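Values below: every heavy atom of this structure, side chains too, minus hydrogens, waters and symmetry copies. Model, not experiment: these values are computed from the prediction.
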Amino acid sequence: MSAAVIHPSAVIEEGAQIADGCTVGPFCHIGPEVVLEKGVTLKSHVVVTGDTVIGEDTLIHSFAVIGEIPQDKKFGGEKTKLVVGKRNRIREHVTMNAGTAGGGGLTKVGDDGLFMAGCHVAHDCIIGNNVILVNNSAVAGHCIIEDDVIVGGLCGVHQFVRIGRGAIIGAVTMVTNDVIPYGLVQAQRGKLDGLNLVGLKRRGVSRSDITALRAAFQMLAQGEGAFQERAKRLSDETTSDYVKEITDFVLAETDRHFLTPG
């Protein structure tokens, strides 16, 4: 692979590690603890700072600020980290913050994500693979967003919320509680309004599994007992791996309540 190409107007602080095949555009600023792995491209006016690793072949567009200190009054300057995975596309004005000591010290972003213009990933978040954050959506601190989630434009995700794999959040939605895997959430104050059937079909999930998921959703919505009690019965009865994923998610420890079916 060819050597890195660095524009003469870029500021690269001593100690930064820039691998072969990287491109650093005009007026970028790279901090002394930054690691850019092979093939990373920074367009113009990108800031990457802090103890930050950017994974291979990630593309970061102009005016993004990656790795800055958390927007948290409790942050006292402790050493924390941001790790961004491979092949992410990070668009204009995106911000991603490092972690805090109280939250584990790490913000982590998986592979193959698309982070559209103006979106925000706060401190101590764990973001999975193939996640899409649409323009101007904001994920508050300590959130967990699992693989294949889509968060629509102008959404806000409350701190400590978990969003399960394959869920989709409609635009202009405030997500205040956990979202089950494959859930469909929409409305101004987010409501669990069904399953992400389009996403399931696009991923080639079988008709039998989709049928099992729909039946499970109805039981969660209308069965006897509290939400967790319904999930426990489902877990004991189901033979579907997809349904089991939902019940495991509901029965796991959480700092929030759940968005439940209306």
Side-chain angles (χ1 to χ4, degrees), residues 1-129 131 133 136 138-145:
M1 183 174 284
S2 60
V5 176
I6 301 173
H7 193 276
S9 66
V11 176
I12 313 294
E13 297 194 41
E14 186 176 353
Q17 301 178 45
I18 301 177
D20 290 347
C22 289
T23 300
V24 179
F27 303 106
C28 292
H29 188 158
I30 311 300
E33 297 180 284
V34 170
V35 176
L36 302 184
E37 296 184 346
K38 292 179 180 179
V40 170
T41 297
L42 310 183
K43 300 286 190 175
S44 68
H45 300 84
V46 175
V47 174
V48 185
T49 189
D51 187 354
T52 297
V53 177
I54 307 295
E56 293 181 12
D57 298 318
T58 289
L59 170 63
I60 305 179
H61 287 255
S62 301
F63 302 105
V65 180
I66 310 298
E68 262 293 2
I69 62 172
Q71 299 176 107
D72 185 339
K73 287 186 175 180
K74 299 186 295 297
F75 181 71
E78 62 267 24
K79 186 173 177 58
T80 59
K81 192 176 184 72
L82 168 67
V83 176
V84 177
K86 300 176 182 179
R87 298 177 301 277
N88 287 287
R89 290 171 288 165
I90 300 173
R91 295 304 304 249
E92 297 82 359
H93 298 279
V94 169
T95 53
M96 295 181 176
N97 293 163
T100 64
L106 174 66
T107 303
K108 186 175 182 181
V109 176
D111 301 334
D112 300 300
L114 172 57
F115 301 88
M116 296 189 191
C119 70
H120 175 63
V121 176
H123 58 88
D124 305 297
C125 286
I126 305 298
I127 309 293
N129 300 323
V131 168
L133 299 186
N136 298 301
V139 181
H142 310 280
C143 290
I144 297 174
I145 298 184

- prompt: Roughly how far, to the nearest 0.5 Å, is CD1 of I69 from CG of L82?
  reply: 13.5 Å

T23 OG1 to I60 CD1 distance, which is reported to the nearest 0.5 Å: 12.0 Å

message: Does anything in residues 65-77 form a salt bridge (charged side-chain N to carboxylate O under 4.0 Å, His left out)? List the pairs, not counting sequence neighbours.
response: D72-K74

message: Are H29 and T49 packed together at the side-chain level, in the sense that at least one heavy-atom pair is separated by less than 4.5 angstrom?
response: no

message: On a heavy-atom basis, which atom in S9 and which in P26 lie closest, and how many Å separate them?
response: OG-CA, 3.3 Å

Inter-residue atom distance T107.OG1 - I66.CD1, 0.5 Å rounding: 11.0 Å

task: Could you list all the salt bridge (charged side-chain N to carboxylate O under 4.0 Å, His left out) pairs where at least one residue sits in residues 79-94, not counting sequence neighbours?
output: E33-K79, D51-K79, D51-K81, R87-D112

task: Report the residues that fulfil side chain to side chain donor-acceptor pair (under 3.5 Å) with T100, sequence neighbours left out, ordered by chain and then residue number.
output: D124

field: Parallel, tilted or perpendicular: rings of H123 and H142 (30°, 60°)
entry: perpendicular

- line: The reported gap from NE2 in H61 to OG in S44 (rounded to nearest 0.5 angstrom) is 10.5 Å

field: Between CD1 on residue I30 and CD1 on residue I12, distance to nearest 0.5 Å
entry: 4.5 Å

- prompt: Is there a side-chain contact (heavy atoms from CB on, under 4.5 Å) between L36 and V24 once you walk through the steps?
  reply: CA-CA 10 Å; L36 302 184; V24 179; 4.2 Å; yes

- request: In sequence, state the C-alpha distance, the side-chain angles, and the governing distance for M96 and I90, and then conclude on side-chain contact (heavy atoms from CB on, under 4.5 Å).
  value: CA-CA 10 Å; M96 295 181 176; I90 300 173; 3.9 Å; yes

task: For the pair N88 (side chain) and T58 (backbone), establish whether a donor and an acceptor sit closer than 3.5 Å, ignoring hydrogens and angles.
output: no

